[in-house]
Peer 1: 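There's a structure below that I have some questions on.
Naming convention: chains lettered A, B, ... in sequence-line order (proteins, then strands); numbering from 1 in each chain.
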2 protein chains.
Amino acid sequence: MTTPQANDDGAPVLDAAVDDARLAPPSSASPDAVGLHRRMLDSIGEAIASGRYAPGHRLTLEELQREHGVSRTVARDTMRALETMNLVTSRRRVGIVVQEAAKWNVYDPQLVRWRLASERRDEQYASLTELRIAVEPVAAAGAARRGSGDQRMELLRLAAELERLGAAGDLEAFLAADIAFHRLILRSSGNEMFAALDGMVSEVLTSRTRQGLMPFHPRNEALDAHRHVAEAIGDGDAARAESSMRDVLQEVRTALRLNP
Amino acid sequence: MTTPQANDDGAPVLDAAVDDARLAPPSSASPDAVGLHRRMLDSIGEAIASGRYAPGHRLTLEELQREHGVSRTVARDTMRALETMNLVTSRRRVGIVVQEAAKWNVYDPQLVRWRLASERRDEQYASLTELRIAVEPVAAAGAARRGSGDQRMELLRLAAELERLGAAGDLEAFLAADIAFHRLILRSSGNEMFAALDGMVSEVLTSRTRQGLMPFHPRNEALDAHRHVAEAIGDGDAARAESSMRDVLQEVRTALRLNP
DNA sequence: TGAGTGAAATAGGTAATACTTTTAGGTGAG
DNA sequence: CTCACCTAAAAGTATTACCTATTTCACTCA
């Protein structure tokens, strides 16, 4: 198998509300159920992501176990997790050193969450949006080539629903359908690296709407473009899917002033 | 700061041989210097990435410490690292469960390495190549907008060198320059999420040449396209940079049969 | 049959301790 | 005065032992 396989697993396709553990807080019934390690990780991770702990800043395990009131084991676990994301390195005799941002695993959903929660959130949104612009057209082409029949049908259904909801002016429902549409394309692309971005795309779309960056009534061209994407994928027309998706993203480009 | 900043840091631009810790084994002077944790992590990580431990497979800490002859602490550290990459989840009373592949942090350079080392390497190369096709054109546009003067000049120099080496037929040197060219564009893009892909792109390019998938003499159109990219970036012409980069990637698309 | 209940399994967490590597500083020879 | 070597301290790495909290599963009793 030298190319990605058709995505024809029997998994349910219709769940727009699929568990998006990929970019959601670890929903906990009781607040204390999350484990010491998790809280400490969040606290330090956010501090690094936001720049409060600058690159080069040195921490020591002892310091950390004192400040967070935890045992050495928990402190080490936390550092191990941060090390895995390349947020820090730990060296003997020197301690735990915050890495420069260029080394971070910026695709780690956890880190993305921290960055979105920080003051630098606009930068993170800009990067993610540019990433969408890059990936979604090619993902649409992939879906046209490798998507399953169910997925194609569902995309057409979602495109129709978008038109209906757009006309009705129900922004909240429109957003939900829009997210479902874009996520489904990423997941149908047959490329797991594209699929892995679906949580981040949802995040961007949600924020864009919540910030009022969306026109109250979606523009007609945008709705048409969505339909064209769905139709092209339905027809297995990769080139048209790709260029129609570029049309969809055109207004995003404009908003970011990333345009010719 | 609401958009990515111009990449004008004082960092050296000329080092094609920049430390690519991002996708290289943890180069160790002495073989034992790497820490128990690292060896165990590699061993289990690779087993999961290759599918030898299937999703749903259950491990227990006790089992692991016995099999790898390590203490509980080391076993826990390892699991914590795997958990951070979403390769496993650990639950009380049940153990450590291998996650399904859809949950993995497939952008973690470590995981990418493991997948490239496994039997599924072709799948990973295909995904990475498609990702390149998606990202590099937009990264080139970003470089045209936000690259520093030094970076633009270095790109022109590299394009000229590519032509020279292409004509000379020195494939090894050509590869090095080609990698430097593509990496520099990613790093000049001003988008840290693009820059983070540079190690993976190098990996793909290296493999493509080593596998003899490159024509012995690079085609003239390919060389021209590289020059056009560099020139467009030099001129700050984002649209032309983007479309020229698409030309560069055209032959990659053809090779993967991802073409109209 | 089905709800409660208790025991077992397993990760989470604490604590004390010894080992190893790395760095800084000092000392002495040339 | 400089350089090489030695030593000591700092800090992560690793081990062991033990206790706690959850979750599951099987068993019992209504």
Peer 1: Can you find a heavy atom in the side chain of B:N105 that is under 4.5 Å from one in the side chain of A:Q110?
Peer 2: no

Peer 1: Between B:L61 and A:V70, which residue's closest nucleotide on DNA chain C lies nearer the 5′ terminus?
Peer 2: B:L61

Peer 1: Look at the side chain of A:H37 and decide which nucleotide, out of D:dA14, D:dT13, C:dG13, has an atom nearest to it.
Peer 2: C:dG13

Peer 1: Side chain of B:R80, heavy atoms from C-beta onward: which of C:dA9, C:dG13, C:dT14 has the nearest atom to it?
Peer 2: C:dG13

Peer 1: State whether a side-chain donor-acceptor pair under 3.5 Å links A:S118 with A:R120.
Peer 2: no

Peer 1: For B:H68 and D:dT15, what is the distance between atoms NE2 and C1' respectively, to the nearest whole Å?
Peer 2: 18 Å

Peer 1: Base, sugar-phosphate alone, or nothing: which one does B:L64 contact when heavy atoms must sit under 4.0 Å apart?
Peer 2: nothing

Peer 1: Could you check if a side-chain atom of A:V135 sits within less than 4.5 angstrom of a side-chain atom of A:M193, using non-hydrogen atoms only?
Peer 2: no

Peer 1: Within the modelled atom types, does a donor on one side and an acceptor on the other bring the side chain of B:R93 and the base of C:dT10 under 3.5 Å apart?
Peer 2: no

Peer 1: Rounded to whole Å, please give me the gap between CD in A:E62 and C1' in D:dA10.
Peer 2: 10 Å

Peer 1: Check the distance between D:dA11's P and A:R76's CZ and give it to me in whole angstrom.
Peer 2: 16 Å

Peer 1: Using side-chain contact (heavy atoms from CB on, under 4.5 Å), reason through A:I185 and A:F194 one step at a time and then give a plain yes or no.
Peer 2: CA-CA 9 Å; A:I185 286 176; A:F194 293 166; over 6 Å; no

Peer 1: Output the single nucleotide from C:dT22, C:dA11, C:dA15 whose closest atom is nearest the side chain of A:R92.
Peer 2: C:dT22

Peer 1: Give the rounded distance in Å between these two atoms: CZ of A:R38 and P of C:dG13.
Peer 2: 11 Å

Peer 1: Of A:R72 and A:R91, whose nearest nucleotide on DNA chain C comes first from the 5' end?
Peer 2: A:R72

Peer 1: In whole angstroms, how far is the P atom of D:dT13 from the CG atom of A:D77?
Peer 2: 12 Å

Peer 1: Round to a whole Å and report the spacing from CG of A:L41 to P of C:dG12.
Peer 2: 14 Å

Peer 1: Return the nearest nucleotide to the side chain of A:V74; candidates are D:dC25, D:dT13, C:dT14.
Peer 2: C:dT14

Peer 1: Could you tell me if A:S127 and B:E192 have a donor-acceptor pair between their side chains, going purely by distance under 3.5 Å?
Peer 2: yes

Peer 1: Side-chain N or O of B:R58 versus OP1/OP2 of C:dT10: is the shortest distance under 4.0 Å?
Peer 2: yes

Peer 1: Looking across every strand, which nucleic acid part, if any, lies under 4.0 Å from A:S90 by heavy atom: base, sugar-phosphate, or nothing?
Peer 2: sugar-phosphate

Peer 1: Rounded to whole angstroms, how far apart are CD1 on B:I96 and C1' on C:dT10?
Peer 2: 9 Å

Peer 1: Rounded to the Å, how far apart are A:R66 CZ and C:dA15 P?
Peer 2: 15 Å

